Amino acid sequence: MTNYNGVIEYIGSIPRFTSKTDLENTRIILKHLGNPEQRAKVVHVAGTNGKGSVSKMISLMLEKAGYKVGLFTSPHLIRMNERISINGVNISDADFVALFDKVKKAVDSLLENDVEENGFKFQHPAYFEFLFVMASLYFGEQNCDYVVYETGLGGRLDATNINMPEVSVITSIGFDHMQYLGNTIEEIASEKAGIIKPHIPVVYNTGNEKADLVIEKKAEELEAPLYKITDIPSYVSDIFGDSQPLYQYDNAATAITAYKILTGRDDVNEALKVFTWPGRCQWLSSNVIIDGAHNEDAAEMLTKSLKYICKSRGFEKVSILFAVSSDKDYESIIKILTEELDIEDVYVTEINSDRKQDISVIMQLFQKYLPKEKHFYVTGSHDMHSMWELSRKELAEGTLLLVVGSLYMVGEILGYMET
């Protein structure tokens, strides 16, 4: 298949989740391709929130130190190519198609020959698994020195977990994807702790004592050295100032520790100065911030940062443009936003997905939690673009517009700005 759009359509049609009970499927196809994932040193990052930012920071630090660094992240916001990059440059369309053809050819051969290994019959890779195999092949072919892999969902059964890393990193742990990972912090932490390997250092900054206990127990069983993040280096605040949200300070401390373990070096200033991560407290203009916070912990971290930003930059009120997936704990997110922020206006819309939550449900929840002593302007439309335009048009002086609730919305709005 030589057509880029056709490749994107094919990958997009693959089911997102499968019921595989182990990683044998991924091992089979990577073995068939010559185990490209073994050609570079690996950093493996899991967590509920912050894992993408930490992955990017580590990759930047290694790049600035002179290494060729691959980075595999998810989800993408605008184009699928964003998931696979080397030294900050996303894979080209031509290379993406060429890799797809190689992986698809391998998949077809394994399926046609009914390949079975260790009692496991090979099956077509799932969506994330297919992209991970493409990324592993690309990084191997490009002779990367290091590759930083961000897990997709969980850790224990994640396709990226076939790697043997130099260091494992576990970031903030909270409630998200409970239908797959469990309903308690301990259950979720256990899935994340599944990336811990025997004798491999573990850097962790979960923000939760219950999660820490799970990780520490697992690491002890596997004799893996532990590095718990308890302090943020003072120079991080000097570098970031108010250009980054407060939660990125924690992420920086985590990334710095992992980098030190990998290299024994502490030359992180240049990397942190140029660090950006789209859709994470990203400034779109002098009075508009967009953030993909879509769970309770992320919302709490975001509001804490926004209070700091508003005080630092003189914003008196916050208006909100909100959309969310139906499978998220959106009521908790709305409750946090309305209780923690001094809100001016609320604009509600829908994401372009079959997982969208209807605007009427969301509008009712905002009315439920907004302070009763003032009549708030809460409006909604199924048309995201029109709500995006309206929210900016009606934005009062001294008010910050926060676009929040879903990474799907982040991607759509960033797409508007590119056209």
Side-chain angles (χ1 to χ4, degrees), residues 49-50 52-54 57 171-172 174 205 207 229-256 269 272-322 332-348 366 369-378 388 391-406 409-410 413-414:
N49 296 307
S53 295
V54 169
M57 288 179 189
T171 65
S172 170
N205 188 6
I229 306 301
T230 55
D231 298 302
I232 299 171
S234 58
Y235 56 79
V236 172
S237 61
D238 296 332
I239 297 169
F240 280 170
D242 68 353
S243 66
Q244 294 290 344
L246 296 178
Y247 60 76
Q248 295 294 23
Y249 287 44
D250 271 322
N251 291 333
T254 306
I256 289 166
N269 285 29
L272 293 182
K273 283 178 181 176
V274 299
F275 167 77
T276 59
W277 196 232
R280 277 72 172 183
C281 226
Q282 178 183 358
W283 289 93
L284 299 185
S285 67
S286 62
N287 58 356
V288 180
I289 280 180
I290 192 166
D291 193 287
H294 54 270
N295 57 54
E296 186 174 344
D297 284 359
E300 288 178 348
M301 289 187 283
L302 173 62
T303 54
K304 183 179 178 182
S305 293
L306 284 176
K307 288 179 181 179
Y308 171 68
I309 288 170
C310 286
K311 183 177 180 181
S312 172
R313 302 203 179 191
F315 291 107
E316 298 175 357
K317 299 274 188 177
V318 177
S319 287
I320 293 175
L321 173 59
F322 189 90
S332 293
I333 298 170
I334 291 169
K335 186 173 186 292
I336 291 166
L337 293 173
T338 53
E339 288 182 348
E340 297 297 325
L341 300 176
D342 193 353
I343 292 176
E344 179 73 20
D345 300 316
V346 176
Y347 305 84
V348 179
F366 270 105
Y369 287 109
L370 284 166
K372 298 297 185 289
E373 60 269 18
K374 177 187 171 184
H375 177 72
F376 286 88
Y377 177 61
V378 180
W388 164 239
S391 63
R392 288 184 298 158
K393 180 182 177 182
E394 297 184 341
L395 190 60
E397 188 174 346
T399 299
L400 175 70
L401 176 61
L402 170 65
V403 183
V404 67
S406 170
M409 177 167 64
V410 169
I413 288 178
L414 292 178

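All of these numbers come straight from a predicted model, not from anything done at the bench. Computed from heavy atoms alone, side chains included, the values below leave out hydrogens, waters and symmetry copies. Residue numbers start at 1 and run along the sequence shown.
Taking CG of Leu400 as the start and SG of Cys310 as the end, the distance is 5.0 Å to the nearest 0.5 Å. For the atom pair CG (Asn251) and CE (Met57), the distance works out to 5.5 Å, reported to the nearest 0.5 Å. With rounding to the nearest 0.5 angstrom, the CD1 atom of Ile256 is 9.5 Å from the CD1 atom of Ile232. To the nearest 0.5 Å, the span separating OH on Tyr377 from CG on Leu370 amounts to 14.0 Å. A distance of 9.5 Å separates CG in Leu306 from CG in Leu246, rounded to the nearest 0.5 Å. Rounding to the nearest 0.5 angstrom, the gap separating the CG atom in Leu401 from the OG atom in Ser391 is 4.5 Å.
Of all non-hydrogen atoms in Asn295 and Ala298, the two that sit nearest each other are OD1-N, 2.9 Å. Between Val410 and Gly279, the shortest heavy-atom distance links the atoms CG1-CA, 3.6 Å. Contact between Met409 and Leu321 at its shortest, heavy atoms only, is CE-O, 3.6 Å. The shortest heavy-atom contact between Trp283 and Ser285 is CE3-O, 3.2 Å.
By the side-chain contact (heavy atoms from CB on, under 4.5 Å) test, Ser172 pairs with Asn49, Met301, sequence neighbours left out. Residues passing the side-chain contact (heavy atoms from CB on, under 4.5 Å) test with Ile333, sequence neighbours excluded: Ala299, Phe322, Leu337. When the salt bridge (charged side-chain N to carboxylate O under 4.0 Å, His left out) test is applied to Glu339, the partners found at least two apart in sequence or on another chain are Lys335. Here Phe275 pairs with nothing under the ring pair (Phe, Tyr, Trp, His ring centres under 6.0 Å) rule; sequence neighbours left out. Partners of Thr171 under the side chain to side chain donor-acceptor pair (under 3.5 Å) rule, at least two apart in sequence or in another chain, do not exist in this structure. Shown here are the ring pair (Phe, Tyr, Trp, His ring centres under 6.0 Å) partners of Phe240, two or more places apart in sequence or in another chain: Tyr249. Ser312 is linked by a side-chain contact (heavy atoms from CB on, under 4.5 Å) to Asp242, counting only residues two or more places apart in sequence or in another chain. Residues passing the ring pair (Phe, Tyr, Trp, His ring centres under 6.0 Å) test with Tyr247, sequence neighbours excluded: none.
Within the structure, side chain to side chain donor-acceptor pair (under 3.5 Å) pairs that include any residue of residues 298-310 comprise Lys307-Glu340 (at least two apart or interchain). Listed by first and then second residue, the side chain to side chain donor-acceptor pair (under 3.5 Å) pairs involving residues 230-240 are Tyr235-Asp266 (not counting sequence neighbours). Among residues at least two apart or in separate chains, there is no salt bridge (charged side-chain N to carboxylate O under 4.0 Å, His left out) pair with a member in residues 275-287.
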Please assess Ile336 against Ile334 for the test side-chain contact (heavy atoms from CB on, under 4.5 Å), listing each intermediate value before the final yes or no. CA-CA 5 Å; Ile336 291 166; Ile334 291 169; over 6 Å; no
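Not a single donor-acceptor pair under 3.5 Å links the side chain of Thr399 to the backbone N or O of Leu395.
Using a 4.5 Å cut-off on side-chain heavy atoms (C-beta onward), Ile290 and Val288 make no contact. Between Arg392 and Asn287, every side-chain heavy-atom pair lies at or beyond the 4.5 Å cut-off. Between Ile239 and Asn269, the closest side-chain pair of non-hydrogen atoms falls below 4.5 Å. With a 4.5 Å cut-off on side-chain heavy atoms, Ile289 and Val404 do not count as touching.
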Could you tabulate the donor-acceptor pairs under 3.5 Å formed by side-chain atoms of residues 341-348, not counting sequence neighbours?
from	atom 1	to	atom 2	distance (Å)
Asp342	OD1	Lys317	NZ	3.1
Tyr347	OH	Glu394	OE1	2.8

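Within a 6.0 Å sphere centred on NZ of Lys311, other residues, nucleotides and ligands contribute 12 heavy atoms or fewer.
Side-chain N/O atoms of Ser53 and Gln248 include a donor and acceptor closer than 3.5 Å.
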